[in-house]
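All values reported here derive from a predicted model rather than from experimental measurement.
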Amino acid sequence: MTSRPEPQQPGPAAAVDAYFSGLLAPADEALAAALADSEAAGLPSISVSATNGKLLHLIARIQGARRILEIGTLGGYSTIWLARALPADGTLISLEYSARHAEVARANIARAGLDKVVEVRVGAALDSLPQLAAEGGVFDLVFIDADKANNPHYLDWAVRLTRPGSVIVVDNVVRGGRVVDPEDTQPDVRGTRAALQLIADHPKLDATAIQTVGSKGYDGFALAYVQD
């Protein structure tokens, strides 16, 4: 079963996004090469935008994150943005289902000089997350950007793997507005709604959701603070 196509983004918003990214999140060699090599390898063109990558970077810096968990690596573009916010002794663990995607990401991460602080683990995230818990993993920031149908499960594990004061970011929660379409019962929308409901109901989470518009179309993200 295929998902409905997302509404196409009007030109002015994409132009404004390019203007903002050129001023505030300009591409460097490592970031540009990560996107180019991901495209050359046939990976889907679904990496975060430059401005959203910079936002993740700033959230990690403001948070003072020393340990970051990313669920969904793709070609490592968002991984690079996040890892650059870490201190020299920081750690980022990224979970990627596809061995091919992980291979591309590792090469991109190494070229960015971040292979000493980033570990890409291959396999289904729902298999890797219990292993992280068994290892005693506790993270300051969790970024969830994988298959949307499993978002509520990823969120549940994110809460288990964080502490009071940690931050959880869930990407792509607007789905081009489909999240509020009562006739849309696609797995990605159902998973997104379930995750948002879990955030709303969870006693340990205080959160909001933000709509975004730009080069990646109309979407948004949820931002949750883990409290006592």
Look at [X] together with [Y] and state whether they make a salt bridge at an N to O cut-off of under 4.0 Å.
X: Arg178; Y: Asp188; result: yes
X: Glu135; Y: Arg121; result: yes
X: Asp184; Y: Arg190; result: no
X: Arg111; Y: Asp37; result: yes

Does the side chain of [X] pick up a donor-acceptor pair with the side chain of [Y] at under 3.5 Å?
X: Lys148; Y: Asn172; result: yes
X: Gln197; Y: Asp201; result: yes
X: Asp17; Y: Thr51; result: yes
X: Asp147; Y: Tyr154; result: yes

Quiz item: Does Val189 share a hydrophobic cluster with Val173, counting links as ILVMFWY side-chain heavy atoms below 4.5 Å and allowing steps through other members?
Solution: no
Quiz item: Applying the 4.5 Å side-chain criterion to the ILVMFWY set and letting contacts propagate, would Leu92 and Val169 be lumped into a single cluster?
Solution: yes
Would you compute the distance between atom [atom1] of [X] and atom [atom2] of [Y] and round it to the nearest 0.5 angstrom?
X: Leu24; Y: Lys54; atom1: CG; atom2: NZ; result: 6.5 Å
X: Phe221; Y: Ile144; atom1: CZ; atom2: CD1; result: 13.5 Å
X: Gln63; Y: Leu58; atom1: CD; atom2: CG; result: 13.0 Å
X: Ser166; Y: Ile168; atom1: OG; atom2: CD1; result: 7.5 Å
X: Ile93; Y: Thr73; atom1: CD1; atom2: OG1; result: 11.0 Å
X: Asp145; Y: Ser78; atom1: CG; atom2: OG; result: 6.0 Å

Can you establish whether the number of heavy atoms outside [X] located under 6.0 Å from its atom [atom1] is more than 12?
X: Arg160; atom1: CZ; answer: yes
X: Glu39; atom1: CD; answer: no
X: Asp228; atom1: CG; answer: no

Self-check item: Criterion side chain to side chain contact (heavy atoms under 4.5 Å, CB included) on Leu95 and Leu69, from CA distance to verdict
Solution: CA-CA 8 Å; Leu95 308 180; Leu69 172 62; 4.1 Å; yes
Quiz item: Do the side chains of Leu43 and Ser98 get nearer than 4.5 Å, heavy atoms only?
Solution: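 No, their side chains stay 4.5 Å or more apart.
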